[in-house]
There are 2 protein chains.
Amino acid sequence: MAAARVYKHPETGDIAIPRVMFALSEPLRLSMVQLLSERGEVDSIELGPDLPRSTLTHHTSLLRESGVVFVRAEGRKCMIQLRRDDLETRFPGLIGTVLHGYQESNPGMAEA
Amino acid sequence: MAAARVYKHPETGDIAIPRVMFALSEPLRLSMVQLLSERGEVDSIELGPDLPRSTLTHHTSLLRESGVVFVRAEGRKCMIQLRRDDLETRFPGLIGTVLHGYQESNPGMAEA
DNA sequence: ATGCTTGTGCGAGAATAGTCGAACGATATG
DNA sequence: CATATCGTTCGACTATTCTCGCACAAGCAT
């Protein structure tokens with residue numbers, strides 16, 4: 001039986017640069033994307049274990065709707081990963097340079 | 001004699017990626033940066049000839065304070081240009097891929 | 001069946017962002 | 001000197017975003 005929760009994602013061609021830029025303009029979401037870049041697919045709870053659940057849902061929804069991440073339900077979990085290939089297709093090098101710039105100012109985050 | 005208006009710009013090292021992403025997340029500012037990319041230094045009025053002047057100032061100030069552009073006064077004019085070299089230093093390839101992505105969805109803008 | 005875990009959606013409050021008119025000041029022109 | 005041009009600032013209004021408590025529902029364990 002299909003998962004109860006099915007998530008809608010924009011088609012690769014419909015990913016809009018202003019929305020991607022906006023999604024990556026908030027430090028909290030930037031840190032989430034940084035973590036996804038390192039770890040591949042994770043349970044969304046790992047992106048903000050101390051956040052209130054509605055705050056976490058708000059940000060993961062924005063990342064999904066902007067086309068930055070894929071989300072799929074796995075039982076009651078919510079698995080999330082970077083849409084790296086689609087973002088590379090549409091905006092080559094964007095994620096790499098943004099995360100590199102991010103790590104320059106937040107070097108300690110990688111160990112978290 | 002020095003220009004009456006002297007503009008403050010962040011040092012290259014102080015340009016923060018979230019602020020750059022934010023500056024480039026608004027379609028109006030994206031179109032301004034697209035135009036600067038093509039024409040080099042221009043009178044700021046060329047970025048939005050039909051905009052109310054306070055709206056134009058609001059956006060040009062945000063672009064300057066985020067580190068995306070250089071601004072200098074020339075008499076009563078306001079000359080503005082992309083900080084291309086500094087942005088390439090800090091975030092290699094960012095501007096190129098963002099503007100390429102922007103033009104994919106707004107092909108007619110180049111002739112404006 | 002009950003209890004726990006986790007996500008979602010609603011709604012509220014606070015903060016931020018976008019728009020822009022009006023007033024003012026500096027520069028340039030007549 | 002008067003007028004025109006253009007930028008800035010203030011303040012107001014509207015819109016959007018961020019945070020998050022609460023209630024509810026689905027999945028899982030007991």
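Naming: A, B, ... by sequence-line order, numbering from 1 per chain. All values below were derived from every heavy atom in this structure, side-chain atoms included, with hydrogens, water molecules and symmetry-related copies excluded.
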> Donor-acceptor pair, A/R90 side chain versus A/I15 backbone, under 3.5 Å?
Replying inline: yes
> OP1 or OP2 of D/dT8 less than 4.0 angstrom from a side-chain nitrogen or oxygen of B/Y7, does that happen here?
Replying inline: yes
>> Determine whether a donor-acceptor pair (N or O, by modelled atom type, separation under 3.5 Å) exists between the side chain of B/S61 and the backbone of B/T57.
In response: yes
>> Closer than 3.5 angstrom, by distance alone: can the side chain of A/R29 be matched with the main-chain N or O of A/H59 as a donor-acceptor pair?
In response: no
>> With a 4.0 Å cutoff (strictly under), does any side-chain N or O of A/T57 reach OP1 or OP2 of C/dT8?
In response: yes
> What residues, two or more places apart in sequence or in another chain, satisfy salt bridge (Lys or Arg N to Asp or Glu O under 4.0 Å) together with A/E46?
Replying inline: A/R39
> For B/S44, which contact category applies under a 4.0 Å heavy-atom criterion: base, sugar-phosphate, or nothing?
Replying inline: sugar-phosphate
> Nearest-Å distance, CD1 (B/I80) to P (D/dC6)?
Replying inline: 16 Å
> Rounded to whole angstrom units, what separation is found between the CE atom of B/M79 and the C1' atom of D/dG7?
Replying inline: 14 Å
> Between B/F70 and B/H9, which heavy-atom pair has the shortest distance, and what is it?
Replying inline: CA-NE2, 3.5 Å
> In whole angstrom, what separates A/K77's NZ from C/dG7's C1'?
Replying inline: 13 Å
> To the nearest angstrom, how far is A/R64 atom CZ from C/dT8 atom P?
Replying inline: 7 Å
>> Any non-hydrogen side-chain atom of B/H58 less than 4.5 Å from a side-chain atom of B/L28?
In response: no
Is there any protein nitrogen or oxygen under 3.5 Å from a nitrogen or oxygen in nucleotides 28-30 of chain D, and what are the pairs?
{"unit_1": "D/dC28", "atom_1": "O4'", "unit_2": "A/R76", "atom_2": "NH1", "d": "3.3"}

>> Strictly under 4.0 angstrom, non-hydrogen atoms only: write out the protein contact profile of nucleotides 12-24 of chain C, one letter per nucleotide from the 5' end, B, S or -.
In response: -----SSBBBB--
> Rounded to whole angstroms, how far apart are CG on A/L47 and P on C/dG7?
Replying inline: 10 Å
>> Run the side chain to side chain contact (heavy atoms under 4.5 Å, CB included) test on A/L99 and A/V33 for me, step by step, so that the C-alpha distance in whole Å, both residues' side-chain angles and the decisive distance to 0.1 Å come before the verdict.
In response: CA-CA 8 Å; A/L99 294 185; A/V33 170; 4.0 Å; yes
>> Does B/I45 reach a base, just sugar-phosphate, or nothing at all? Heavy atoms under 4.0 Å.
In response: sugar-phosphate
> Tell me: CD of B/E46 to C1' of D/dG7, nearest whole Å?
Replying inline: 16 Å
> What is the distance from CZ of B/R5 to P of C/dA26, rounded to the nearest Å?
Replying inline: 11 Å
> Can you check whether B/L62's main-chain N or O pairs, donor with acceptor, with B/R19's side chain at less than 3.5 Å?
Replying inline: no
>> Using modelled atom types and a 3.5 Å cut-off, is there a donor and acceptor pairing between side-chain atoms of B/T97 and backbone atoms of B/G93?
In response: no
> Rounded to the Å, how far apart are A/K8 NZ and C/dT8 P?
Replying inline: 15 Å
